[in-house]
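Below is one structure, written out as structure tokens; comments come after it.
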Amino acid sequence: ALLTMCLVGLSSWHIRTSRIALELTWALFFQIVAVTFFLRSLRFGRSNLIISFFFFGISIFSYHSTKMTTPLLLISLLVIYKQQVKKIVSLKILILLFCLSIILPILLYVKVQAFSQIRFVGISVFTLWKNSYPAGTNLFSVKPLSDLAITVTKNYLVHFDPYLLFIDNSKLRYFQLPQLGLFYLWQAPFILVGLIGQIRLLRENKPWVKFALFWLLLSPLPAAITTGVPYANIGRVLMMLPIVELFSAIGVLYLFKSLKTQKNIFKNLFIALFLGLIIYNTIFFL
């Protein structure tokens, strides 16, 4: 946990985003706080669960992407930890909290703003897709639906492109930095090791592993259904940041643990190389 926090603090993506005071950093903060109190409630009782739902509700007002990610994030927690949740709160109270924190904020947002003025309408792939066909076209025929599916899939998968993640961001709209990815290049092998390790742990049916992987898969969804992906606004997938840093931290700890069986010369060489890469990447970014 401490290593993940440190990596988020050093992250060039996080610094670039928070430095210009974008509201999406609040959205991410509220979601992390909400998840933290949800997990605390499993050990320390119902009061933490109420605080968790409160922050989930606030996150919906903080940024557009959260109107999709927050409900899905909360539902995933309730499904994965349903046995533990049943022990601390009744179904009626759970439904009430869900309605107050998730459904009510979304309804309020829709009520105070005309649908045609909602930002999503202007940047939605559905609007662009609809306008790309002549009037009178049956949009639910095979060709239009397959075109839409291909567009959404490409928009989703592009956020896992190693070039974007680790090599170069010079084409991004707000966060462009040539010769630097969203994550530092030295993190690539550690993220891969951490991710593979978590996938292997799925066999052990650990709830937090399922949730971590779901968080990762959920993160690009808001961007997948919008235009200008990925270069218009990579901030729409900022939710990916802490979970990728978590996998990076797991990878670092795993490899350092495996070094314990090696000779001192190999350990010292690896540590020197590791620290050297971190210092070089950080100075290069600054």
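Bear in mind that the values here come from a model prediction, so they are computed numbers and not experimental data.
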Restricting to non-hydrogen atoms, name the atom on [X] and the atom on [Y] that form the minimum distance, rounded to 0.1 Å.
X: I60; Y: P105; answer: CG2-CB, 4.1 Å
X: N281; Y: L185; answer: OD1-N, 3.4 Å
X: K210; Y: L202; answer: CG-CD2, 4.0 Å
X: T66; Y: A27; answer: CG2-CB, 3.5 Å
X: V237; Y: A223; answer: CG1-CB, 3.6 Å
X: P71; Y: I102; answer: CG-CG2, 3.7 Å

How about [X] and [Y]: do any of their side-chain heavy atoms sit closer than 4.5 Å?
X: L49; Y: F37; result: no
X: K257; Y: L253; result: no
X: F56; Y: L73; result: yes
X: Y63; Y: L238; result: no
X: L221; Y: I225; result: no
X: S12; Y: L180; result: yes
X: F160; Y: P220; result: yes
X: S65; Y: R236; result: yes

Can you check side-chain contact (heavy atoms from CB on, under 4.5 Å) on F53 and L100, steps first, answer last?
CA-CA 9 Å; F53 273 84; L100 290 175; over 6 Å; no
How long is the gap from [atom1] on [X] to [atom2] on [Y], to the nearest 0.5 Å?
X: L201; Y: W208; atom1: CG; atom2: CH2; result: 6.5 Å
X: Y81; Y: F211; atom1: OH; atom2: CZ; result: 7.0 Å
X: T69; Y: H64; atom1: OG1; atom2: NE2; result: 12.5 Å
X: W26; Y: Q31; atom1: CH2; atom2: CD; result: 14.0 Å
X: E245; Y: S11; atom1: CD; atom2: OG; result: 5.0 Å
X: L241; Y: T4; atom1: CG; atom2: OG1; result: 10.5 Å

side-chain contact (heavy atoms from CB on, under 4.5 Å), that's the test. Do L246 and Q198 meet it? Break it down for me.
CA-CA 11 Å; L246 172 64; Q198 297 314 289; over 6 Å; no
Heavy atoms from other residues, nucleotides or ligands near [atom1] of [X] exceed 12 (cutoff 6.0 Å):
X: Y254; atom1: OH; answer: no
X: L2; atom1: CG; answer: no
X: F54; atom1: CZ; answer: no
X: K154; atom1: NZ; answer: no

Applying the 4.5 Å side-chain criterion to the ILVMFWY set and letting contacts propagate, would [X] and [Y] be lumped into a single cluster?
X: V35; Y: I58; value: no
X: M239; Y: F30; value: no
X: L192; Y: I167; value: no
X: L78; Y: I88; value: yes
X: M5; Y: V33; value: no

Short side-chain to backbone donor-acceptor contact, [X] and [Y], under 3.5 Å:
X: N169; Y: L182; result: yes
X: S52; Y: A34; result: yes
X: H159; Y: N155; result: yes
X: T25; Y: S18; result: no
X: T36; Y: I32; result: yes
X: R200; Y: G197; result: no

Trace of the side-chain contact (heavy atoms from CB on, under 4.5 Å) decision for I191 with F166:
CA-CA 11 Å; I191 292 170; F166 303 108; 3.7 Å; yes
Which of parallel (below 30°), tilted (30 to 60°) and perpendicular (above 60°) describes Y184 and W186?
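Y184 and W186: parallel rings.
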Ring pair (Phe, Tyr, Trp, His ring centres under 6.0 Å) partner of F183, chosen from F190, F247, W13, Y163
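The option that passes is W13.
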Could you walk me through whether F274 and F256 pass the ring pair (Phe, Tyr, Trp, His ring centres under 6.0 Å) check?
CA-CA 10 Å; F274 176 72; F256 268 95; 5.3 Å; yes
Could you walk me through whether I250 and L195 pass the side-chain contact (heavy atoms from CB on, under 4.5 Å) check?
CA-CA 8 Å; I250 291 170; L195 181 59; over 6 Å; no
